[in-house]
Visitor: 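This is the structure, below, for whatever I ask next.
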Amino acid sequence: MTATPKSTVGLVSAAALLAASALPAAAEKWDMPMAYAASNFHSENGAEFAACVTEGTGGDIEIVTHPGGALFGGAEIKRAVQTGQVQIGERLLSAHANEDPLFGVDSIPFLATSFDDSVKLWSAAEGAIEEALAEQNLVLLYSVPWPPQGMYFNKEVTSVEDMKGLKFRAYNAATAKLAELTGMLPVQIEAAEVSQAFATGVAESMVSSGATGYDRKLWENVSHFYEVDAWLPRNAVMVNKDAWDGLSDETKAVFASCAETAETAGLEKAKAYTTFTLEGLAENGMSVEKPSDRLKADLAEIGEAMTAEWLESAGDKGKAIVDAYKAM
Ligand code: PCA
């Protein structure tokens with residue numbers, strides 16, 4: 001085929017465009033793996049943070065987010081940042097409580113069960129967590145909570161007795177422990193694989209937010225969501241310390257300012273997404289209810305056992321955080 005003048009013009013202008021867009025090329029591109037759905041508020045907030053840094057540094061650092069576990073699955077993200085495979089990433093901190101119990105402070109059942117309390121607990125814990133992360137070659141930038149955690153089942157559940165024997169999807173040590181104490185069978189599965197796990201019967205129950213149930217269309221396989229408000233786990237955005245140390249003071253200040261904005265904006269997004277997604281579950285046919293008094297009492301008892309266990313494992317530092325939080 002011979003090229004028509006029109007297509008030649010098209011080619012020329014495309015090349016010109018490419019050259020033009022390449023002009024203010026970023027000096028450095030930072031990939032930012034994220035584990036959750038692109039439409040989830042954490043991911044949208046992360047994309048805004050990335051744009052803030054890219055803009056604020058005049059393109060010197062261009063952050064490119066990769067949501068949905070596309071670059072690294074949730075379970076790999078923290079290590080990828082620590083080892084410098086990527087410079088920055090977002091991870092559910094409590095999934096690493098096996099490395100340091102302090103990372104699990106946000107998943108102590110019924111300690112902080114509202115957004116306001118989650119902010120207080122975080123302010124009591126942030127310094128110690130920052131230090132623990134620094135020991136792992138990580139710089140903490142910002143953290144945003146998930147909505148309160150409820151329980152998903154494919155039947156009506158009014159007591160812990162009703163849970164016995166169910167296959168339970170866990171996302172951290174606390175959720176696995178909860179399964180164990182309620183007689184369920186835990187299996188660790190990342191949020192990105194949750195739809196498939198429920199569709200294939202690998203999981204029949206989980207503790208999570210309305211947000212993750214909504215993101216993963218759980219109504220296709222699950223009928224009930226109970227708003228037990230067990231805790232509000234947090235995602236943390238972290239930078240590899242060597243990459244961080246290589247930044248100018250001016251660039252670090254841009255990161256800090258964008259991180260502060262992201263922490264505030266993310267919290268507001270989390271609140272709005274809570275209502276939106278609980279309504280979404282109901283609109284799609286799920287029963288969204290408060291737990292029965294019996295179920296509440298059963299879970300409170302389990303919560304006490306888990307709290308005692310956490311305090312024991314987290315030692316003086318853990319106790320200091322919980323005491324400071326309770327005094328607020
Ligand atoms: N969603 C994530 C963590 C907490 C939440 O609400 C998940 O289920 O993996």
Side-chain angles (χ1 to χ4, degrees), residues 33-46 67-70 72-78 89-98 103-115 117-118 121-122 143-153 167-179 184 186-199 202-219 221-222 225-237 266-267 269-278 280-281 286 288:
M34 308 183 83
Y36 304 97
S39 56
N40 178 276
F41 68 94
H42 285 293
S43 309
E44 289 188 348
N45 198 47
F72 286 97
E76 284 88 47
I77 289 175
K78 182 163 169 285
E90 180 191 62
R91 177 59 173 152
L92 182 80
L93 216 45
S94 59
H96 298 274
N98 57 329
F103 296 152
V105 71
D106 59 23
S107 303
I108 301 172
F110 311 114
L111 179 65
T113 61
S114 66
F115 282 107
D117 284 351
S118 163
L121 181 58
W122 182 243
S143 163
V144 173
W146 283 92
Q149 304 292 286
M151 296 189 83
Y152 288 87
F153 297 103
K167 288 181 254 172
F168 178 91
R169 175 264 167 167
Y171 62 70
N172 65 10
T175 49
K177 187 73 194 177
L178 188 92
M184 294 193 277
V187 45
Q188 200 88 13
I189 296 168
E190 282 298 318
E193 271 87 51
V194 151
S195 310
Q196 204 192 351
F198 278 83
V202 169
E204 303 167 301
S205 168
M206 71 171 178
V207 168
S208 190
S209 55
T212 291
Y214 180 88
D215 291 343
R216 298 298 162 196
K217 296 189 169 56
L218 261 255
W219 54 82
N221 295 289
V222 172
F225 180 77
Y226 291 99
E227 297 175 70
V228 303
D229 296 348
W231 62 77
L232 289 79
R234 283 176 169 269
N235 284 355
V237 171
L267 177 65
K269 284 190 176 77
K271 291 178 187 172
Y273 208 64
T274 303
T275 319
F276 171 74
T277 54
L278 288 180
L281 294 181
M286 281 184 69
V288 176

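Start at 1 and go down the list; that is how both ligands and their atoms are numbered. Note: hydrogens, waters and symmetry copies are ignored here, and every other heavy atom, side chains too, is used. Keep in mind that what you see is a predicted model, and the values were worked out from it rather than measured.
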Visitor: Judged by modelled atom types alone, do Arg234 and Ser94 share a side-chain donor-acceptor pair under 3.5 Å?
Guide: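 Side-chain D/A pair, Arg234 to Ser94: absent.
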Visitor: Pick out the protein N or O atoms lying less than 3.5 Å from any N or O of ligand 1, and list each pair with its distance.
Guide:
unit_1: ligand 1; atom_1: 1 (N); unit_2: Ser208; atom_2: OG; d: 3.2
unit_1: ligand 1; atom_1: 1 (N); unit_2: Thr212; atom_2: OG1; d: 2.6
unit_1: ligand 1; atom_1: 6 (O); unit_2: Gln149; atom_2: NE2; d: 2.9
unit_1: ligand 1; atom_1: 6 (O); unit_2: Ser208; atom_2: OG; d: 3.3
unit_1: ligand 1; atom_1: 6 (O); unit_2: Ser209; atom_2: N; d: 3.1
unit_1: ligand 1; atom_1: 6 (O); unit_2: Ser209; atom_2: OG; d: 2.6
unit_1: ligand 1; atom_1: 8 (O); unit_2: Arg169; atom_2: NH1; d: 2.7
unit_1: ligand 1; atom_1: 8 (O); unit_2: Ser208; atom_2: OG; d: 2.7
unit_1: ligand 1; atom_1: 9 (O); unit_2: Arg169; atom_2: NH2; d: 2.8

Visitor: Under the rule for ring-ring contact (aromatic ring centres under 6.0 Å, His included), what residues qualify as partners of Phe41, not counting sequence neighbours?
Guide: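 Per chain and number, Phe41 pairs via ring-ring contact (aromatic ring centres under 6.0 Å, His included) with Trp146, Tyr273.
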Visitor: Run the salt bridge (Lys or Arg N to Asp or Glu O under 4.0 Å) test on Glu190 and Arg216 for me, step by step, so that the C-alpha distance in whole Å, both residues' side-chain angles and the decisive distance to 0.1 Å come before the verdict.
Guide: CA-CA 11 Å; Glu190 282 298 318; Arg216 298 298 162 196; over 6 Å; no
Visitor: Are Tyr214 and Phe276 close enough that their ring centres sit under 6.0 Å apart?
Guide: yes
Visitor: Does any part of the side chain of Lys167, heavy atoms only, come nearer than 4.5 Å to the side chain of Met184, both counted from C-beta?
Guide: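 No; the side chains remain at least 4.5 Å from each other.
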Visitor: Have Ser43 and Asn40 got a donor and an acceptor in their side chains that come within less than 3.5 Å?
Guide: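 Not at all, the side chains of Ser43 and Asn40 share no donor-acceptor pair under 3.5 Å.
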